Amino acid sequence: MRFVFFSLLLLLSGLAVSPAWSATACVTAECHAQIGAIQRPHAPVAAGECDTCHEAAGRQHPGPGSLRLVASGALLCAQCHEQPNATYVHGPVRTGRCDLCHAPHGSDQPGLIALPGNDICFSCHGGIRQTIARAVSQHEPVASGRCWNCHAPHAAEHRPLLQAAYPQASYVKYRAADFALCFECHSAAAFETEYTVSETRFRNGSRNLHWFHLQRPGKARVCRNCHGVHGADQPHLLMKRVPDFGDWDIPLEWVRNGPVATCYVGCHSPKSYGLEQFVP
């Protein structure tokens, strides 16, 4: 009788403090089958190394509280992933909430992101979603769901998490290096060639009006003085009102009449231009 009692006691003790789990047997038809159906599993999951991130917590598994993470926040990810070292760090990375963007076990999306395309960005940046929804024209990287073409998802040396340099001021002296972000997609010749019939469609005859605006001494304009960086309420990403000029938003209306277009804008008198021939 005493033998039976102590055997039962040992059995119950084992259930309490010796969790019955194996990292290599987590993804089976009986356990966590949904993780096995993920198209792009996290590397430890694919290798059956769940104990890279999880450890026993002293309770019988399966059951609530039977497992815990081996580290918390960014410290968990830092076991395998190098942490960004840059001037500006994305909020979720800075606060150790990688899971706000990435699915920890795996995803059907590249990079283990939790939602497709720009939906992952719009889950926090709802204002940009609204801008895009009502925009007449959209910046191509945003429209195609590739915000990371311009923004670094983890950290960057340029505000706001830009992949390369872009002026923060509204008026600058032109230097190609300061517009490196734009020139990752757009040809620098479209802004550095005074006369052309092929580099840009914003021209008066052969006079390059992008060059005229950007190369003016003293008050060279940057792209966002006319264009919405995400989307805008006129064609060609042209904004109807240009912000960041104190209490006044500069009005801008672009009107096309056949081969001639006219800009009605608050910073100068109406100006017309034609692609095929010079408009005086």
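We number each residue from 1, following the sequence as shown. Computed from a prediction, not measured in an experiment: that's the story for all the values here.
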With ring centroids as reference points, do Y174 and F179 lie under 6.0 angstrom apart? yes
Do the side chain of R40 and the main chain of G106 share a donor and acceptor less than 3.5 angstrom apart? no
Minimum heavy-atom separation for G65 and A57, please, with both atom names. O-CB, 3.2 Å
List, by chain and number, the other hydrophobic cluster members for V279, where Ile, Leu, Val, Met, Phe, Trp and Tyr join if side-chain heavy atoms come within less than 4.5 Å, directly or indirectly. V260
What do you reckon, is CZ of R207 surrounded by more than 12 foreign heavy atoms closer than 6.0 Å? yes
Closest approach of Q163 to N149 (non-hydrogen atoms, all atoms of both residues): CG-O, 3.9 Å
Hydrophobic cluster membership, V265 vs L238, 4.5 Å side-chain cutoff: yes
Taken to the nearest 0.5 Å, the spacing of I250 CD1 from C267 SG works out to 5.0 Å
Say whether, by atom type as modelled, one donor and one acceptor occur between the side chain of R159 and the main chain of L161 under 3.5 angstrom. no
Atom of N204, atom of S272 and distance for their closest heavy-atom approach: ND2-O, 4.2 Å
If you count every heavy atom of other residues, nucleotides or ligands that lies below 6.0 Å from Q277 atom CD, does the total exceed 12? no
Side chains of C182 and C223 in contact at under 4.5 Å (non-hydrogen atoms): yes
Heavy-atom count around E194 CD within 6.0 Å, excluding the residue itself: above 12? yes
Please check if the side chain of E192 supplies one atom and the backbone of A189 the other of a donor-acceptor pair under 3.5 Å. no
In terms of hydrophobic clustering (I, L, V, M, F, W, Y; side-chain heavy atoms under 4.5 Å; direct or indirect links), are Y88 and Y166 co-clustered? no
Give the ring-plane orientation class for H236 versus W254, where under 30° counts as parallel, over 60° as perpendicular and anything between as tilted. perpendicular
Compute the ring centroids of H102 and H154, then answer whether they are less than 6.0 Å apart. yes
Assess whether a salt bridge exists between E253 and K240, defined as any Lys/Arg side-chain N lying under 4.0 Å from an Asp/Glu carboxylate O. no
With a 3.5 Å distance limit and no angle check, can you tell me whether R203 reaches the backbone of T200 through a side-chain donor-acceptor pair? yes
Hey, is the main chain of G127 close enough, under 3.5 Å, to the side chain of T131 for a donor-acceptor pair? yes
Taking L214 as the starting point, is it possible to reach V172 by hopping between hydrophobic residues whose side chains are less than 4.5 Å apart? yes
Surrounding CD of E82 (heavy atoms of other residues, nucleotides or ligands, distance under 6.0 Å), is the total greater than 12? no
Under the 3.5 angstrom rule, does the side chain of S66 hit a backbone N or O of P62 as a donor-acceptor pair? no
Does N225 use its side chain to pair, donor to acceptor, with the backbone of S170 at less than 3.5 Å? yes
Could you tell me the separation between the OG atom of S144 and the NE2 atom of H139, rounded to the nearest 0.5 Å? 9.5 Å
Would you check if there is a donor-acceptor pair between the side chains of T193 and E199 at a distance under 3.5 Å? no
So which heavy atom on I120 is nearest to which on I113, and how close? CG2-CD1, 4.4 Å
Membership question, hydrophobic clusters at under 4.5 Å side-chain separation (ILVMFWY): are W148 and V93 in the same one? no
Checking S107 side chain against A103 main chain: does a donor-acceptor pair fall under 3.5 Å? no
Answer whether the closest heavy-atom distance between the side chains of P116 and Q109 falls below 4.5 Å. yes
Is there a donor-acceptor pair under 3.5 Å between the side chain of Q234 and the backbone N or O of M239? yes
Would a distance-only check, ignoring hydrogens and angles, find a side-chain to backbone donor-acceptor pair under 3.5 Å from D233 to V136? no
For this output row, return yes or no: ring centroids of H213 and F202 closer than 6.0 angstrom. yes
Is there a side-chain contact between I35 and P41, using heavy atoms and a 4.5 Å cut-off? no
Is it possible for you to say whether W248 and L252 belong to one hydrophobic cluster, with membership spreading through side-chain heavy-atom contacts below 4.5 Å? yes
Evaluate the ring planes of H42 and H81, with Trp represented by its six-membered ring, and classify them as parallel (under 30°), tilted (30 to 60°) or perpendicular (over 60°). parallel
